[in-house]
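Structure first, then comments.
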There are 2 protein chains.
Amino acid sequence: MADAHLSLADVARLAGVSPATASRALNSRPEVAEATRARVLAVAREHHYVASPEASGLASRTTGRVAVVVPHLSRWFFGALLEGLEARLRRAGLDVLLYHVPTRRDRHDFFERLPARRKVDAVVVLAFPVSEHEQARLAMMGVGIVAAGGQVAAFPHVCIDDHAAARQAVDHLLFLGHRRIAMIEAVDPESAEWRDGMGRTTGYHEALAEAGVAPVPELVVTVPWGEQHGADAMSRLLGLREPPTAVYAHSDEVAAGALATLRRAGLRVPQDVSVIGIDDHPLAALLDLTTVAQPVREQGEAAGQLVVDLVAGRDVPRGRAVPTRLVVRGSTAPPRASAGA
Amino acid sequence: MADAHLSLADVARLAGVSPATASRALNSRPEVAEATRARVLAVAREHHYVASPEASGLASRTTGRVAVVVPHLSRWFFGALLEGLEARLRRAGLDVLLYHVPTRRDRHDFFERLPARRKVDAVVVLAFPVSEHEQARLAMMGVGIVAAGGQVAAFPHVCIDDHAAARQAVDHLLFLGHRRIAMIEAVDPESAEWRDGMGRTTGYHEALAEAGVAPVPELVVTVPWGEQHGADAMSRLLGLREPPTAVYAHSDEVAAGALATLRRAGLRVPQDVSVIGIDDHPLAALLDLTTVAQPVREQGEAAGQLVVDLVAGRDVPRGRAVPTRLVVRGSTAPPRASAGA
DNA sequence: GAATCGTCCGGAAACGCTTCCGGCTCGAGG
DNA sequence: CCTCGAGCCGGAAGCGTTTCCGGACGATTC
C-alpha cells in the first residue's frame, strides 16, 4: 500500500540506474540494454509507477491529448461517431478532451477563446460546418485538425458523400415509380449558415431533374432537426391539396417523426405513402424504415486514424468519403395507383 | 501574428514585473496591486497569452481535468447525462477527459490499469455499477469520485430512486385497473452482476404485492437493453396463453420495442394493451408513450456540482436522489374488460 | 520618532520529467 | 598494442509554472 506516488527518480534509485536511463527504459527507447530495461520495468510495475503526464508533457512538449468538439451528445449519430473516435485514439494512447458546443454562442466562444489551446496535440471537429473565420482561429492553435462526419473540406476529413446518399434514396423512390416525392429538409438552427450547400438537398434536386420530374416547391419543407419537427413537417405535407406519394427525409429521426404523423393520420406505410430516411439509425430497424445506411462508428475510427497519423508526423490524405448503402425495409413500395409512365 | 507562444516570463518582462507577480496577477491572487494586475492582464490579453497547463499543473499539483467513465455514448440517456455534466464542469473551468468502456473487458482494463491515474483531479462514473473491488481500485487513484445516474452508494452520487419510479409506473397501471401486468426487465449484459438489486424490479414486485396481486413468474421477462430486445420480449409475452393487459418496461427504449411488436401484431395501444416506460426519452413523446420522467441533464449538472465542490475541497453530501414524475400520455388506459374487483 | 504592521513584490526553489552531451567499456580492426 | 566505434549510461540543463520566504516601503500606533 501507500506507494503514494513514486517519482521517476525513486524508480531509478530502486532499479539502480539514473533517472535518465529509467526514463529511456520506460519509454522503450533503443539505447538501453535489455537487462536494464527489464529491471526498470519490473520495479515500475511492482510499485505501480505512473509517470506524471504534466511533467513529461512539460519536458517533451506534447500533451498526448486531443480535443473533440461536438455540437450534440445526446444524439445517436454523434455518440456513435464519438465511440469510434475514442476507441481508435485510446488504442494509440491518446486521451480525449471533450468540448460540447451545443449553441451558437458556445461555438463562438470556443473559437474565440480557444480553450483547448496548449492542451492538446490535435483537434477534431465532429459533424458541423466551420466558417472561414473559425478555420482561421483553429489554425492559430498550431496543431493538427481533422473533421469527421461533416463537410469541412479545408481539413483532412472523413465523411459520406451526402449528395450520393441523397441520390440513392431518391433514386430508389423514383425506381419504385414515385413522381410526387417530397423532401423534409432538416437543418440545425444553431448552424444554419451553410445548409444550401448540403448534398442531401442537392442530390434530391438532381435526381428529380435527371428523371425528368419537375420540381414542386411546396413539396420541400425545411424544419429543424429532430423527430418532433419531422412530425410537424409531415403534417404540413399532408395538408397539401395534392400530398406526396413518397417522402424523403434528411435523416431517420426526421423520418421517424413523419411516420408517427402518418400513423396518427390513419395512413398506411408503405401502401399510402412511402418514407425513406438516411443514416440507418437503430430506430430505423425498429420502425422498419427504409434508409441509406452510413457507417458511423467506422467514420469515427477513420478520423481517429487520421489524428494518430497527424500527431505522429506522418502526412495524411486530404479527405476520404466512406460509402453508403441503400437498406430496403418495409416503408417503401410502389405508389398505390401507378399514375403515369 | 506569430506570438508563437509567450511564456509567463515574457509576459512578466513586458509588463515590467517578476514572473512571480505575473503569475499572481493572472491567477487573481489578492497580494497584487490593482494597477499592476491590470497591466499584466493587458499585456497577456494583447499577446494572447495562455498558460501552459502542463507547467502550471506540475507546479500546482493539480490538473484541472476530470475523468468521465461512461459505458455507452450512443444512447440518449448517457449522452444527455454527459451534456449536463460537461456544461457544469466547463463553467468551473474543468476539462472533461472521456473514457468509454463499452465492454466488460474495457471496464476491467480501466480499473486495473487506471489509465486516468495522475491525469485528473476527480473521476465520475456514469450510470453503471461498480464492484467492491473496482471501488477499491478507484480509491487507489487518490482523487475524488462521484457517481451519476447510477447506484453506487459508496460514493457521493446523484440519481433517481429507481424503486420509487417503478412504483409510480406500476401503481399507475394498477390505478387504471390492470391486474395482469407484465414487466420487461432490461439488463446490460456487460454488467449483469447486480441486476437483482435494481429498484426498477423490486418496485414492480412491491407494488403488485401491496395491491394484493399475486406474482406471475411468466409475466416478467428479462432481456438485454435495447429496442430490438424489447420487441422480442413483447413477442414472448404475446405468446402466453393469457397475455398481459399492461406492460411495464424498464426503459422507454424497451417500451418502444414493445410498441413496435404490438403494432405489428395488430393490437391497439392502449385499447388492447397498455404500455408504460421509464425515462421520458425523446422517443416517448413521439410514440405517445406514458412514462416516468427523470431529469437526466439535471442529474449530470448536479453531479458536476458535486465534482466542483469536491475539487474545491468542500465536503459534499453523500448522495442525492432527484425526483421522478409520471407523464401520462396515450399508451395507457383502463383494461378493456375490467375483470375483477 | 521609533516600533509595528500591512501591502506589494522579487528571488529562487521546487514540480517530475526528457534529452543533449559527454564518458566509459569492450570488442574489432589495423 | 593502440585506435576506434558501437553500445550504454550518468550528469545536468532545461520545460514553464507556482509558491515560500523575505525585503522594501509607506502608513499606523504609542
Side-chain angles (χ1 to χ4, degrees), chain A residues 3-41 43-44 47-65 93 95 117-121 142 311 313, chain B residues 3-41 43-44 47-65 93 95 117-121 142 311 313:
Chain A
D3 36 22
H5 264 170
L6 257 52
S7 72
L8 178 61
D10 297 325
V11 174
R13 187 156 27 72
L14 257 25
V17 299
S18 75
T21 300
S23 170
R24 286 188 274 249
L26 291 169
N27 295 337
S28 36
R29 277 231 147 37
E31 332 82 300
V32 45
E34 255 338 297
T36 313
R37 181 195 312 287
R39 194 146 30 92
V40 173
L41 256 34
V43 172
H47 294 272
H48 302 261
Y49 169 74
V50 194
S52 153
E54 315 297 324
S56 78
L58 218 210
S60 68
R61 307 160 147 291
T62 95
T63 68
R65 264 168 259 139
D95 282 316
R117 254 187 167 221
R118 274 168 160 251
K119 293 187 180 173
V120 296
D121 296 336
V311 311
Chain B
D3 36 26
H5 266 169
L6 258 51
S7 73
L8 178 62
D10 298 324
V11 174
R13 190 157 23 74
L14 258 25
V17 299
S18 75
T21 300
S23 171
R24 287 189 273 251
L26 263 356
N27 296 336
S28 36
R29 279 233 144 40
E31 334 82 298
V32 45
E34 257 335 300
T36 312
R37 179 195 313 285
R39 195 147 28 93
V40 173
L41 257 34
V43 172
H47 294 272
H48 302 266
Y49 169 74
V50 194
S52 154
E54 316 297 325
S56 79
L58 218 212
S60 67
R61 307 162 146 291
T62 91
T63 67
R65 266 168 258 138
D95 282 317
R117 253 187 169 221
R118 276 171 163 252
K119 294 189 181 172
V120 297
D121 296 337
V311 310

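The basis for the numbers below is simple: all heavy atoms, side chains too, and nothing from hydrogens, waters or symmetry mates.
- On the nucleic acid side, DNA chain D contacts chain B at distances under 4.0 Å to non-hydrogen atoms, with the end points of that region at dG16(D) to dC20(D).
- Taking 4.5 Å as the limit, every side-chain heavy atom of Arg65(A) sits out of range of all side-chain heavy atoms of Asp95(B).
- Backbone-only engagement by Ala51(B) is indicated by non-hydrogen atom pairs under 4.0 Å involving sugar-phosphate atoms exclusively.
- Note on Tyr49(A): a side-chain N or O is less than 4.0 Å away from OP1 or OP2 of dC17(C).
- Listed by first and then second residue, the salt bridge (charged side-chain N to carboxylate O under 4.0 Å, His left out) pairs involving residues 9-29 of chain A are Asp10(A)-Arg13(A) (not counting sequence neighbours).
- When atom types are taken as modelled, the side chain of Asp121(B) and the backbone of Gly64(B) share a donor-acceptor pair closer than 3.5 angstrom.
- Of the residues near DNA chain C, Gly16(B) and Ala59(B), the one whose nearest nucleotide (by heavy atom distance) lies more toward the 5' end is Gly16(B).
- Here His48(A) contributes atom NE2 and Arg117(B) contributes atom CZ; the two are 7.0 Å apart, rounded to the nearest 0.5 Å.
- Between Val311(B) and Thr62(B), every side-chain heavy-atom pair lies at or beyond the 4.5 Å cut-off.
- Less than 4.0 Å separates DNA chain D from at least one heavy atom of each of the following residues of residues 21-33 of chain B: Ser23(B), Arg24(B), Asn27(B), Arg29(B).
- One can place CG of Leu58(A) at 12 Å from P of dC17(C), the figure rounded to the nearest angstrom.
- Residues Thr63(B) and Glu54(A) form a side-chain contact, since some pair of their non-hydrogen atoms from C-beta on lies under 4.5 Å apart.
- The heavy-atom pair separating Ala44(B) from Leu26(B) by the smallest distance is CB-CD1, 4.0 Å.
- Between Val17(B) and Val32(B), every side-chain heavy-atom pair lies at or beyond the 4.5 Å cut-off.
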